[in-house]
Amino acid sequence: MTAYTGWFDYVIPDIPGITNTLAEQAIRNAVIDFCRRTLLYRKTLAAISIVGGTATYTVTPDANTLVSDFLTVLVNGKPIDPQTEAWLDQEVLNWRTTATGPAKAYISPANNQITLVPKPSESIASGLVVAVAQRPTRASTECPDWLMEDYAEEIAHGAQARRCGMKRKPWADPGLSKYHMGEFNAAIGIGAVRASQARTRTRLRTAICY
């Protein structure tokens with residue numbers, strides 16, 4: 001793991017007068033935003049046993065992280081998709097109260113939680129397997145080494161954009177803030193594409209309809 005202070009050499013020299021505390025906060029926020037928007041920080045979590053009559057389960061991502069998105073959800077080996085509550089209201093009668101049966105969909109009611117719909121009617125050992133995209137928490141002090149190795153300058157742009165954009169500070173510079181945010185957003189776009197290619201150089205395929 002790499003401490004956020006590892007980015008100081010990329011951030012502090014370009015923002016004269018900024019304190020270490022504010023610099024670390026800016027770096028943390030940039031790392032969180034980068035992970036949240038690219039979905040690059042991925043993990044398949046340990047299987048969870050489904051309990052008949054229980055719809056909501058808490059998943060356990062890496063320490064000091066939260067689930068940003070559920071990427072794949074398998075119930076008894078079969079994939080199910082996320083749905084809106086409006087869709088469920090139309091498609092699954094009484095899903096909030098009495099409906100039971102094989103899961104058709106899922107929602108995420110809170111951080112690190114997943115609710116199967118309808119409520120499972122039977123228990124299945126290790127029946128719930130999820131792959132997630134993670135992001136560090138606001139209390140974190142470090143992040144995976146690959147973020148520093150692969151995206152040190154890109155994340156530094158995000159940190160610099162936030163602090164240069166602060167009003168009435170000695171280091172405030174709207175022009176620099178706009179420049180750094182542009183570089184950061186461009187890097188996020190590239191990172192999101194890489195995530196969609198499973199972190200490989202696989203070419204994206206475009207379906208052609210006739």
Side-chain angles (χ1 to χ4, degrees), residues 1 28-29 31-140 143-144 146-147 185 188-200 202-210:
M1 300 292 279
R28 179 188 299 108
N29 289 342
V31 170
I32 291 171
D33 198 22
F34 186 84
C35 293
R36 180 180 61 83
R37 293 170 62 188
T38 63
L39 304 182
L40 271 169
Y41 187 3
R42 298 177 167 209
K43 185 173 185 178
T44 299
L45 306 182
I48 298 172
S49 291
I50 293 173
V51 178
T54 300
T56 300
Y57 299 84
T58 298
V59 302
T60 306
D62 288 340
N64 298 312
T65 71
L66 296 172
V67 172
S68 280
D69 203 355
F70 289 93
L71 304 174
T72 303
V73 176
L74 302 177
V75 174
N76 203 20
K78 297 180 180 180
I80 60 173
D81 295 324
Q83 297 293 349
T84 65
E85 292 191 3
W87 184 92
L88 294 172
D89 287 339
Q90 291 185 338
E91 301 297 329
V92 185
L93 184 64
N94 297 325
W95 71 271
R96 301 171 192 271
T97 53
T98 60
T100 61
K104 297 181 179 179
Y106 71 88
I107 58 173
S108 180
N111 287 332
N112 300 350
Q113 287 191 341
I114 185 170
T115 297
L116 305 180
V117 181
K119 185 183 301 182
S121 55
E122 62 180 16
S123 298
I124 307 173
S126 301
L128 176 60
V129 177
V130 301
V132 301
Q134 307 174 122
R135 69 180 187 273
T137 65
R138 299 291 174 186
S140 62
C143 63
W146 61 264
L147 282 166
N185 286 336
I188 284 174
I190 294 170
V193 170
R194 190 180 182 198
S196 71
Q197 298 170 318
R199 297 173 64 90
T200 71
T202 302
R203 295 176 61 186
L204 293 177
R205 299 182 182 272
T206 301
I208 301 177
C209 299
Y210 295 93

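- For R36 against L39, the heavy-atom pair with the smallest separation is O-CD2, 3.5 Å.
- At a threshold of 4.5 Å between non-hydrogen side-chain atoms, the residues T38 and R194 do not count as touching.
- The shortest distance between side-chain heavy atoms of E91 and K104 does not fall below 4.5 Å.
- For S140, the side-chain hydrogen bond (donor to acceptor under 3.5 Å, both in side chains) partners are Y4, not counting sequence neighbours.
- Side-chain atoms of W87 and D81, non-hydrogen and from C-beta on, never get closer than 4.5 Å to each other.
- Pairs of residues two or more places apart, or lying in two chains, that qualify as side-chain hydrogen bond (donor to acceptor under 3.5 Å, both in side chains) and include a residue from residues 51-61 are T56-T115.
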Name every donor-acceptor pair, under 3.5 Å, that has one atom in a side chain of residues 65-80 and the other anywhere in the protein, sequence neighbours excluded.
unit_1	atom_1	unit_2	atom_2	d
T65	OG1	D62	N	3.3
T65	OG1	D62	O	2.6
S68	OG	R135	NH1	3.1

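- Evaluation of the salt bridge (Lys or Arg N to Asp or Glu O under 4.0 Å) rule for R96 yields E85, D89 as partners, not counting sequence neighbours.
- Taken from CD1 in I50 to NZ in K119, the straight-line distance is 14.0 Å, to the nearest 0.5 Å.
- Residues forming a side-chain hydrogen bond (donor to acceptor under 3.5 Å, both in side chains) with R28 (at least two apart in sequence, or on another chain): none.
- What you find for F34 and I188 is that their closest heavy atoms are CD1-CG1, 3.8 Å.
- For the atom pair CG (L40) and CZ (R42), the distance works out to 7.0 Å, reported to the nearest 0.5 Å.
- Listed here is the closest heavy atom pair of P136 and I32: O-CG1, 3.3 Å.
- Taken from CD in Q90 to OG1 in T84, the straight-line distance is 8.0 Å, to the nearest 0.5 Å.
- In terms of the side chain to side chain contact (heavy atoms under 4.5 Å, CB included) criterion, residue partners of A99 (sequence neighbours excluded) are, by chain and number, V92, P118.
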Would you tabulate the side-chain donor-acceptor contacts of residues 120-128 under 3.5 Å, counting partners in other chains and residues two or more places apart, or write 'none'?
unit_1	atom_1	unit_2	atom_2	d
S123	OG	G52	N	3.0

